[in-house]
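Both backbone and side-chain heavy atoms feed into the values below; hydrogens, waters and symmetry mates do not. Chain letters run A, B, ... following the sequence lines, proteins first, then strands; residues in each count from 1.
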Number of protein chains: 2
Amino acid sequence: MSRKVMGIGMVRELTGLTERQIRYYEDRQLVFPDRTSGGARKFSFEDVERLKEIHRKLRDGFHTFELRKTIMADHAHSIDT
Amino acid sequence: MSRKVMGIGMVRELTGLTERQIRYYEDRQLVFPDRTSGGARKFSFEDVERLKEIHRKLRDGFHTFELRKTIMADHAHSIDT
DNA sequence: CGTGTAAGGAATTCTGACACG
DNA sequence: CGTGTAAGGAATTCTGACACG
């Protein structure tokens, strides 16, 4: 499911992350939520999985700028899936 | 996808229905969204399909109380799917 | 660097009601 | 019956900033 339909609150519940963390990962260019006309972020189930993966990598000692390559590769792959 | 994750605004976009119609169908017991602690409705992709189906049936002349049986049957079926 | 938090504002959603037919 | 709308309120989300380390 790559359809971006859920708000940050639901993503928070699904990932266990804080809104701060989610927004920061977006700021670091690791996830790319859509936006409603009002500016609210909309995420997909894939984004949820990706966010969990990001957090795991960070826990393992990686830095956001290092994840960019790995994550982007995942992204490029998921595009033609 | 039976996970109830999206707000009524997204459902409005995905179904083309108005919030009024969506809330009314819930009032008529044709869809059963979850609620956030704050009271906001949360729908699943299945709910989106169901809502479209409901609207089609209404367009064809059925009434909400008649749909209840049909729809409920669909619901009972989707539970063990 | 990655995350917490208080601040003020804007967008989202909620309910109950009146309306029409 | 099914749907529109204006009304007031409550919950959600947003941004920019200060903080810590």
(message) For the CZ atom on B/R3, are there more than 12 heavy atoms of other groups (residues, nucleotides or ligands in this structure) within a distance under 6.0 Å?
(response) no
(request) For A/F43 and for B/T18, locate the closest nucleotide of DNA chain D by heavy-atom distance; then report the residue assigned to the nucleotide nearer the 5' terminus. (result) B/T18
(request) Grab the CZ-C1' distance between B/R12 and C/dT13 for me, whole Å please. (result) 10 Å
(message) Using heavy-atom distances to pick each residue's nearest nucleotide on DNA chain D, tell me which of A/G39 and B/F62 is more 5'.
(response) B/F62
(message) In this structure, how many angstroms lie between the P atom of D/dG2 and the NZ atom of B/K57, rounded?
(response) 14 Å
(message) Measure CG/B/L30 against C1'/D/dT3 and give the value in whole Å, please.
(response) 15 Å
(request) Could you check which of C/dT12, C/dT13, D/dG2 has an atom nearest any side-chain atom of B/A40? (result) C/dT13
(request) Describe the nucleic acid contact of B/R59 in one word from base, sugar-phosphate, nothing, applying a heavy-atom distance below 4.0 Å. (result) nothing
(message) Nearest to the A/Q21 side chain among D/dT13, C/dT3, D/dG2, which nucleotide is it?
(response) C/dT3
(request) Report yes if a side-chain nitrogen or oxygen of A/R35 is closer than 4.0 Å to either non-bridging phosphate oxygen (OP1 or OP2) of D/dT15; otherwise report no. (result) yes
(message) Between the side chains of B/E26 and B/R35, is the shortest nitrogen-to-carboxylate-oxygen separation below 4.0 Å, so that they form an ion pair?
(response) yes
(message) Starting the side chain at C-beta, find the nucleotide from C/dG2, D/dT13, D/dG2 nearest to B/T64.
(response) D/dG2
(message) Can you confirm whether A/F65 is buried at CZ, in the sense that more than 12 heavy atoms of other residues, nucleotides or ligands lie under 6.0 Å from that atom?
(response) yes
(request) Might you point out which heavy atoms bring A/F32 and A/K4 nearest each other, and give the distance in Å? (result) O-NZ, 3.2 Å
(request) Take the protein atom NE2 of B/H63 and the nucleotide atom C1' of D/dT3, then report the distance between them rounded to whole Å. (result) 14 Å
(request) Please report, rounded to the nearest Å, how far the P atom of D/dG2 is from the CG atom of B/L17. (result) 14 Å
(request) Would you mind checking if A/E46 and A/R50 are paired as a salt bridge, meaning a charged N to carboxylate O distance below 4.0 Å? (result) no
(message) My validator wants the stems of DNA chain C: runs of 3 or more consecutive Watson-Crick or G-U pairs, both distances under 3.5 Å, written as range with range.
(response) C:2-5 with D:17-20, C:17-20 with D:2-5
(request) Please determine if a side-chain N or O atom of B/R28 lies less than 4.0 Å away from the OP1 or OP2 oxygen of D/dT3. (result) no
(request) Select from B/R20 and B/K42 the residue whose nearest nucleotide in DNA chain C is closer to the 5' end of that strand. (result) B/K42
(request) Determine which pairs satisfy side chain to side chain donor-acceptor pair (under 3.5 Å) with at least one residue from residues 58-70 of chain A, sequence neighbours left out, and list them in order. (result) A/R28-A/T64
(message) Using the side-chain heavy atoms of B/L58, tell me which of these nucleotides is nearest: D/dG4, D/dT3, D/dT12.
(response) D/dT3
(message) Need one value for B/R23: base, sugar-phosphate or nothing, where a base atom within 4.0 Å counts as base even if backbone is also close, heavy atoms only.
(response) base
(request) Rounded to the nearest angstrom, tell me the gap between atom CD1 in A/I22 and atom C1' in C/dG2. (result) 14 Å
(request) May I ask you to evaluate whether A/Y25 reaches the phosphate of C/dT3, defined as a side-chain N or O under 4.0 Å from OP1 or OP2? (result) yes
(message) In this structure, how many angstroms lie between the C1' atom of C/dT13 and the CE atom of A/M10, rounded?
(response) 14 Å
(message) Using only atom types and a distance under 3.5 Å, with no angle test, would you say the side chain of B/D47 pairs donor to acceptor with the backbone of B/S44?
(response) yes
(request) Ignoring backbone atoms, test whether A/R41 places a side-chain nitrogen or oxygen under 4.0 Å from the OP1 or OP2 oxygen of D/dT15. (result) yes
(message) Tell me the interatomic distance from A/D27, atom CG, to D/dT15, atom P, rounded to whole angstroms.
(response) 10 Å
(request) Kindly give the heavy-atom pair with the smallest separation between B/M6 and A/V5, and that separation in Å. (result) CB-O, 3.6 Å
(request) Identify which nucleotide among D/dG2, C/dG2, C/dC14 has an atom closest to any side-chain atom of A/Y24, counting heavy atoms from C-beta outward. (result) C/dG2
